Amino acid sequence: MDVIKIIRKVDFGLLVTVFLLLCFGVLMVYSATLSEAKEGASYLTRQLIWILLGVVVLVVAALFDYNWLKHYSFVFYLLSVILLLVVVFVGRWVLGAQRWIPIGPFQFQPSEFSKIFLILFLASYLSDKEGGLKNKDFIYIFTLMALPILLVFAQPDLGTSLVLIAILFGMIFAAGATPKQILTVFLIGLTLCFFVFHFKLLEEYQIRRFLAFLYPDLDPLGAGYSLTQAKIAVGSGGFLGKGLFRGTQTNLQFIPFHHTDFIFAVVGEELGFLGALILIGLFFALIMRGVRIATLSKNMFGSLIVVGIVFMWLFQIFVNIGMNIGLMPITGIPLPFISYGGSSMIVHLIAVGLLLSVYARRFI
C-alpha cells in the first residue's frame, strides 16, 4: 500500500518527458560544440554538472511542501531584487551585458533565478484574491514588479525582462482578471513599448536586431547575420536532416551562439524537420503535463505556481524557436532544457521540482 501511495504521488509522465528533453539537449550541445576541439568535451562536462546539480535541487523541491513557500513569498521578492542589485556592483560584463556574478570558475545569473522567485511571490499574492482582482491590486503588483523588470532590462537583458512580463500577464489572467482589466494592461503595455522606442531606451544592437527582423536584407553581414545563418541551417536540414554531428553550418561555425540561443537551428540542420517535430512534441507534452497539474492542484497557490512556470516555458519555447526560423526578433532567450547554460538549467529543473511537489500533494 505504501508503495502504491508513493507511486501515486509521482508524475512519471512529467519525469519521463523532462528526462528525454535533457538527453536531447545534452546530445545537441555536444554536437554543436564538437568542432571546437577540446571545448566540445568541456561544454558537455559542464552541462552534465549543471544537470546533476539541477536534479539535486529538483528532488529537494519535489520533497518539500510547496505550501510552506507561501509564508516566505515576500522574502523571495526581496532576494530577487537584492541579487539583481548586486549584479550592478559586482556583475561581470560579457558581450556588452552585465548579467553574471562570477563564482570561481563558474558564473551565476541572478535574472534566471528571479523568474522562480517572482513566480512564488505573485502566486502567493494573487492566490489571496480569489474574490477578484481590484484596481489597487494591479497598482500594487505592477509597482513591485516594475523594479526587478527594470533592473533586468538595464543589464541589458531584453529577453529575460520579456519573460518576466509574460509570467506576470499569464498569472494575472489565471487569477481571474476581467477582460476590461486585461485590455487596460495590454494598452498600458503598448504605451510603454512606444516610449521605449520613442525615447531610444533600447541598446543600439537591440534596435539593429529588431530592424533585421523586419528587413532581413537590410544588414545581412551585420545584425541580420545570425538570423540568416539560422534560417539557412534549418532550411538545409530538409525532412531527415544532414545527420548528427554532420551539420555544415554548425561545424564550420557559421551559426553564432549555436550551443545557446541558436541551438534549435542545429536541431533543424542535423535532425531535420522530423527531429524538430519530435522536440516540439516533447515540449507539447511538457506543457500539457503542466496544465494538468495546475487543474489538479488542491489550492489556488499551487495552481498559480504551475501557471507561472507553464507561461515561462511557453514564452521561452515560442520565442526561441521563432527567432531561429525568422518569426520572432532575436532577443537572446535560451531554449529550456536544451540550450547550454548553468543558471538556466538549474532554474528549469527547480521548476520541475515545484510541479512535482504540487502534484504529489493534490490529495492532501
Side-chain angles (χ1 to χ4, degrees), residues 66-88 110-202 294 297 299-316 319 331 351 354:
Y66 71 92
N67 291 291
W68 285 94
L69 298 174
K70 189 172 184 178
H71 303 298
Y72 307 99
S73 59
F74 198 74
V75 174
F76 289 122
Y77 172 82
L78 291 177
L79 183 59
S80 175
V81 172
I82 291 170
L83 287 174
L84 292 173
L85 286 172
V86 169
V87 174
V88 176
S111 59
E112 286 291 332
F113 288 87
S114 67
K115 299 173 186 176
I116 292 294
F117 293 153
L118 294 175
I119 285 174
L120 294 172
F121 165 71
L122 287 170
S124 176
Y125 184 82
L126 293 173
S127 63
D128 292 331
K129 309 296 176 181
E130 294 187 48
L133 294 173
K134 299 178 181 179
N135 291 336
K136 65 178 183 180
D137 296 322
F138 276 90
I139 294 173
Y140 178 79
I141 292 170
F142 280 90
T143 300
L144 287 181
M145 288 295 292
L147 180 57
I149 290 173
L150 288 174
L151 285 172
V152 173
F153 180 79
Q155 291 182 353
D157 189 350
L158 177 61
T160 302
S161 59
L162 290 175
V163 174
L164 294 177
I165 292 171
I167 290 170
L168 173 60
F169 275 59
M171 293 183 71
I172 62 173
F173 176 78
T178 65
K180 182 179 179 181
Q181 290 171 328
I182 293 293
L183 178 61
T184 301
V185 172
F186 180 73
L187 292 176
I188 293 174
L190 286 180
T191 304
L192 291 175
C193 288
F194 170 78
F195 276 103
V196 166
F197 281 98
H198 182 73
F199 291 102
K200 300 179 180 179
L201 300 179
L202 292 175
S297 175
N299 55 40
M300 191 65 170
F301 178 56
S303 291
L304 287 174
I305 289 175
V306 178
V307 166
I309 291 170
V310 166
F311 268 90
M312 174 181 72
W313 285 339
L314 263 177
F315 187 80
Q316 292 197 208
V319 173
T331 53
L354 289 172

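Values below: every heavy atom of this structure, side chains too, minus hydrogens, waters and symmetry copies. From a predicted model like this one, the values you see are computed outputs, not experimental measurements.
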Looking at every heavy atom in both [X] and [Y], which two are closest together, and how far apart are they?
X: Met300; Y: Ala175; result: CE-CA, 3.8 Å
X: Ala351; Y: Met312; result: CB-CE, 4.2 Å
X: Val87; Y: Pro110; result: CG2-CG, 3.4 Å
X: Val307; Y: Ala174; result: CG1-CB, 3.7 Å
X: Pro148; Y: Tyr77; result: CD-OH, 3.9 Å
X: Tyr66; Y: Phe301; result: O-CE2, 3.3 Å

Short question: side chain of [X], backbone of [Y] - any donor-acceptor pair under 3.5 Å?
X: Ser124; Y: Phe121; answer: no
X: Ser80; Y: Phe76; answer: no
X: Ser297; Y: Ser303; answer: yes
X: Ser73; Y: Leu120; answer: no

About how many Å separate [atom2] of [Y] and [atom1] of [X], when rounded to the nearest 0.5 Å?
X: Ile309; Y: Ile305; atom1: CD1; atom2: CD1; value: 7.0 Å
X: Thr160; Y: Lys115; atom1: OG1; atom2: NZ; value: 5.0 Å
X: Asn299; Y: Lys70; atom1: CG; atom2: NZ; value: 7.0 Å
X: Leu304; Y: Phe311; atom1: CG; atom2: CZ; value: 11.0 Å
X: Phe186; Y: Phe169; atom1: CZ; atom2: CZ; value: 8.5 Å

Are [X] and [Y] packed together at the side-chain level, in the sense that at least one heavy-atom pair is separated by less than 4.5 angstrom?
X: Leu84; Y: Gln155; result: yes
X: Val319; Y: Thr331; result: yes
X: Ile165; Y: Phe153; result: no

Could you note down all residue pairs passing side-chain hydrogen bond (donor to acceptor under 3.5 Å, both in side chains) where residues 166-191 supplies at least one of them, sequence neighbours left out?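 For residues 166-191, and leaving out neighbouring residues, the side-chain hydrogen bond (donor to acceptor under 3.5 Å, both in side chains) pairs sorted by first residue read Thr178-Gln181.
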Residue [X] excluded, over 12 heavy atoms near [atom1] under 6.0 Å:
X: Phe173; atom1: CZ; result: no
X: Tyr72; atom1: OH; result: no
X: Phe142; atom1: CZ; result: yes

Report the residue from Leu354, Ile167, Leu168, Leu164 that forms a side-chain contact (heavy atoms from CB on, under 4.5 Å) with Ile119.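 Testing Ile119 for a side-chain contact (heavy atoms from CB on, under 4.5 Å) against Leu354, Ile167, Leu168, Leu164 leaves exactly one candidate, Ile167.
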